[in-house]
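Have a look at the structure below before the remarks.
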Amino acid sequence: MHQPSLSHLSATDPDLAALVEAEATRQHDKIRLIASENYVSPAVLEATGSVLTNKYSEGYPGKRYYEGQQLVDPIEELAQERARTLFGVPHANVQPYSGSPANLAVYLAFMKPGDTFMSLELAHGGHLTHGSPVSITGKWLRPVHYGVGRQTGRVDMDEVRDIARKESPKVIFCGGTAIPRTIDFPAFAEIARETGAVLAADIAHIAGLVAGGAHPSPAGYADVITTTTHKTLRGPRGAMILTTEEHATAIDKAIFPGLQGGPHNHTTAAIAVALKEAAEPGFRDYARRIVANAGALATALTERGFDLVSGGTDNHLILIDLTNRGIGGKPAAKALDLAGIELNFNTVPFDPRKPWNPSGMRLGTAAITTRGLTEEHMASVAEWIDRAVTAAEDRPALDRIAAEIQDLLNGFPMPGWSAAR
Ligand SMILES: *Cc1c(COP(=O)(O)O)cnc(C)c1O
């Protein structure tokens, strides 16, 4: 059951409590490979569930529009200071409600409607908020995109430079949601400087790796860094924007009053806790183990004939092109879910199929590494994936895999949940 137990919730709203308990059990029983997910610590859960949710505090520490900020101010300052120290940046805004509004703040701070910006094509690993036609960022601004090479599966920095010279974008975004390789921040910074663009590094996926020293940092290269706090960083659902001194005021004004009202103080507190955890030596080890697990899983999948975009991974993330397996991403992901392995179907670069049933699936190792799985387990994970994709129509075969997985996971406690029912 949930730890601590949901006694008040169960008394007040047993229907809802039962759903939450069932979700906790589901999280316990599955190999969670969704690349953007994790398991937060009990301390982060406690801060998220605290009375700070009761407080309104529009503005920033020392400049609030409501009274009673004696304790909220030091909480937000603590989060800011920990973010600055951990990432080595002069300024941190910890108020964005999530990654998408954090990116909107970048556009609001530096651009006018119709202005041009550059980013990684969504189908090549970008994010909706990097100018997708269905996003406000694609409707109200003018995105131009760079992509990855058909053969390499990697961003071609010469192409980035050529497009930037031709288009003179106001902002260049680097980063995305399905990039299995190291982002070359110095090269992006050089191109941004040459073309007069603001460089925004969206490190939502890799923030925990950056904090833990397992991916190069954009600090000192990017003008602004946006990140969620709930992916590899292993904090509550939220976001931060880290900036140079020069851009601090523009970003702060864009978040409040530009886009948001009162900050979510319970989230701010939980971000502070997550940042403290991420500054501990054990987190460097965690970041290293995430990458080691992804590398071992990539090797094991390749040995089983899976075709990995870019041929492997440098970080937490693997993108599989299922074309050679004769199955679409969606039926494969659905079969895996029945088999106790949770991931998402995903487009692959130059995907001939449509986004609602694309050719690929995306997986990441942040959550299973938190759970305690190590490199030695990755051969089994690859075997289960292989068996489930092969037996996608065979429900009893999928059930057998799910049972084997539950057996393994029973030996790895889940933060915030205990098998004592
Ligand atoms: C997850 C993600 C976001 C958006 O975060 P939300 O919290 O889902 O709004 C933005 N950019 C990138 C690169 C992401 O991976």
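Read the numbers this way: they start at 1 and go in the same order the structure lists the ligands and their atoms. Residues: numbered from 1 along the sequence shown.
Of the protein's heavy atoms, K231 NZ, 1.4 Å lies nearest to atom 1 (C) of ligand 1. In terms of protein heavy-atom proximity, atom 12 (C) of ligand 1 is closest to D202 OD2, 3.3 Å. In this structure, atom 3 (C) of ligand 1 lies nearest to the protein heavy atom H127 NE2, 3.3 Å. Among all non-hydrogen protein atoms, the one lying nearest atom 7 (O) of ligand 1 is S98 OG, 2.4 Å. Looking from atom 9 (O) of ligand 1 to the surrounding protein, the closest heavy atom is S100 OG, 2.7 Å.
Those atoms of ligand 1 with a heavy atom of T228 less than 4.0 angstrom away are 5 (O), 7 (O). Near G99, the atoms of ligand 1 lying under 4.0 angstrom from a non-hydrogen atom of the residue are 4 (C), 5 (O), 6 (P), 7 (O), 9 (O). Distances below 4.0 Å separate heavy atoms of H205 from the following atoms of ligand 1: 15 (O).
Residue-ligand proximity: G175 is placed with every non-hydrogen atom at 4.0 Å or more from ligand 1.
Contacts between N103 and ligand 1 below 4.0 angstrom, taking non-hydrogen atoms only, involve the side chain exclusively. In H230, the part holding a heavy atom less than 4.0 Å from any atom of ligand 1 is the side chain.
Using a 4.5 Å cut-off on side-chain heavy atoms (C-beta onward), C174 and L199 make contact. The closest side-chain heavy-atom distance from D386 to F306 is below 4.5 Å.
A salt bridge between E190 and R193 is absent, with no side-chain N of the basic residue lying under 4.0 Å from a carboxylate O of the acidic one.
The cationic group of R371 does not satisfy the cation-pi geometry with F412, failing either the under 6.0 Å distance to the six-membered ring centre or the 45° limit from the ring axis. Figure legend: R142 and F117 shown without cation-pi pairing, the cationic atom not lying both under 6.0 angstrom from the six-membered ring centre and within 45 degrees of its axis. Under a cutoff of 6.0 Å and an axis angle of 45°, R32 and Y39 form a cation-pi pair.
Any N or O atom pair closer than 3.5 Å counts here, and H130 shares no such pair with ligand 1.
Proximity of the aromatic rings of Y146 and H124 is defined here by a centroid distance below 6.0 angstrom, and this criterion is not met.
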(request) Show the numbers, then the answer: is there a side chain to side chain donor-acceptor pair (under 3.5 Å) between N93 and D252? (result) CA-CA 7 Å; N93 186 310; D252 283 354; 2.8 Å; yes
